[in-house]
Amino acid sequence: MRRIQIYDTLSRESRLFVPITPPKVGLFVCGLTPYDEAHIGHGRTFVTFDVVARALRRWGYRVFYVQNVTNLDDRLIQRGGAEGTDPLLLAERHFAAWTGSMERLGVRSVNYYPFATDYVPEIVAQIQKLVEGSFAYPASGSVYYDVARFPAYGRLSGQKTEAQRPGTRVTPEAGKRAPEDFVLWKAATPGEPWWESPWGPGRPGWHIEDTAITVRLLGARYDLHGGGLDLKFPHHEAEIAQAEAATGESPLVNFWMHAGMLNLRGEKMSKSLGNVVRLAATIDEAGPEVLRFFYLNAHYRSPLDFVEGKSLPEAGEAFERWSAPYRRLTALLTRDGPDREGAELPESTVAEADDLVSRLDEVMANDFNTREAIALLFGWVRTLSVLPQPFETLSGTAMETLLSPYRWSEQVLGLPLIATGAGPSEELAASVRVALEARRRARERNDFAEADRIRDELKAAGIHVEDRGGTTHWELRRASE
RNA sequence: GCCAAGGUGGCAGAAUGGUUAAUGCGACGGACUGCAGAUCCGUUUCCUGGGGGUUCGAUUCCCUCCCUUGGCUCCA
């Protein structure tokens, strides 16, 4: 199979990817806690791992992609309490909105979204194992992980434990033996959702759901674990400690992948700074393709800076040019069908297309370098724009050849998004034809004022008109562009 | 303070131990156009944070300093 290099954040190096049981690949990505609207930083992470799954599937792997949903935690309880809503219902609601955004962004590779509260028996069982193995201890109705019992704790993040870190102040929590110990099971508080357990009524801590879910669904060891860089410590550190101690197997995952943060004007988005850019609204404004293009226009591990009023318009310009040949070819094929008659391409062009597709696979196999892939595709845009034969003269087969690098992109990058709408309606097309015919006559009699008036009017209706050579082309564009 | 990831042209953002350091956006000039747009051609001069070191050669490897971002038990 293809040689795939993936950067593993635990070993801090790029390594050859070899699945535990090929062609199967287990992929787990930390999902989110749906206590509020998703922002564009969340979007980046999930588009990243969508592309990872798409690429691996293209290369013949059978990827089982699991992404958990923390549908109960402190924030949900707090928010629910403030709104007078059941936290579980609140989570449900935000989850629905969030998957809606994901769908629009073309994130479709997740196989299963397990909810934390559907895995309480697994969670309790795992905690029990940890208690039995003396990796965890109960204290006043809660259960804590005894970090001192797991020497590898801190290897992923390079963090030292509190004990090794003199001079830091930590507010001690009742019952904890050491400040770095984390809660596995939280004793119930009146009015909050709770489950029965050997330690009394309570609910799961934050970290435990992931390992209870992955041990159940992906096994004690699996191939890939993804998430935002901000989860590296303590969350992923805790996952390793929990799973490896509970199963006795190591390593929990072969490759840790962390997506870089999306910064807003150089600083992290956060509620307290009031600089959160909402995902759904951004998709509305810029269009899902442009946002997805923006994300993939940087390497997934690099920090990416988002500047309002600049980043997306810029990405929009680039995407427009990048996808223009695709749109023109697709329109012709849609109109005439794949069997349309016309000229074939010279051998050299066919070979060039094939070669490009292999190079695309190559750059993607190098730690999913989407930016490099996009750059290569821009080279194809140039090739197409200097092609001696106009698209209109080509056969359906020839057009498919020209589209083949874009087909690769549809499959792997998820761009352009396969259109969900049917395109302009026949009714609209007819009225545009009438308007353009009027404009043509106006131009014929050199009445350019009238011709431009018609063009401006169409533009206001979102119809972009271009005179290319002797013919006039038009297409629908988003009003904001 | 500790840990981690980064610092590349006007901006965004790749790559590489070695001839001219991608690609995009923007700007400028030209071709085409009634104009615009799109496209093409050209320009945007000696762009890899500072300083050391290794090397025939470093932007790439090592050390150090500075700066930015993230994490240090809420984080995608």
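So you know, we letter chains A, B, ... as the sequences are listed, proteins then strands, and number each from 1.
- Checking the phosphate oxygens (OP1, OP2) of B:rA5, no side-chain nitrogen or oxygen of A:T9 falls inside 4.0 Å.
- Using cut-offs of 30° and 60° for the angle between ring planes, the A:F182 and A:Y153 rings count as parallel.
- Donor-acceptor pairing under 3.5 Å is lacking for the side chains of A:W206 and A:D74.
- Residue A:Q78 qualifies as open at atom CD: its count of foreign heavy atoms under 6.0 Å is 12 or below.
- The nucleotide B:rC74 finds no pairing partner, because no Watson-Crick or G-U wobble arrangement with both distances shorter than 3.5 Å includes it.
- Between atom CZ of residue A:R359 and atom CG of residue A:D355 there is a gap of 6.0 Å, rounded to the nearest 0.5 Å.
- Straight-line distance between the P atoms of B:rU16 and B:rA22: roughly 14 Å, to the nearest whole Å.
- A straight line from CD of A:E209 to C1' of B:rC75 spans 14 Å, rounded to a whole angstrom.
- Aromatic stacking is marked for A:F448 over B:rG34, as both cut-offs hold: 5.5 Å for the centres and 30° for the planes.
- Here the side chain of A:R382 is nearest to one of B:rC41, B:rG71, B:rG13, namely B:rC41.
- If you check B:rU44 for Watson-Crick or wobble pairing at under 3.5 angstrom, you find it paired to B:rG26.
- Closest contact between the side chain of A:R321 and the listed nucleotides B:rG24, B:rG13, B:rA22 involves B:rG24.
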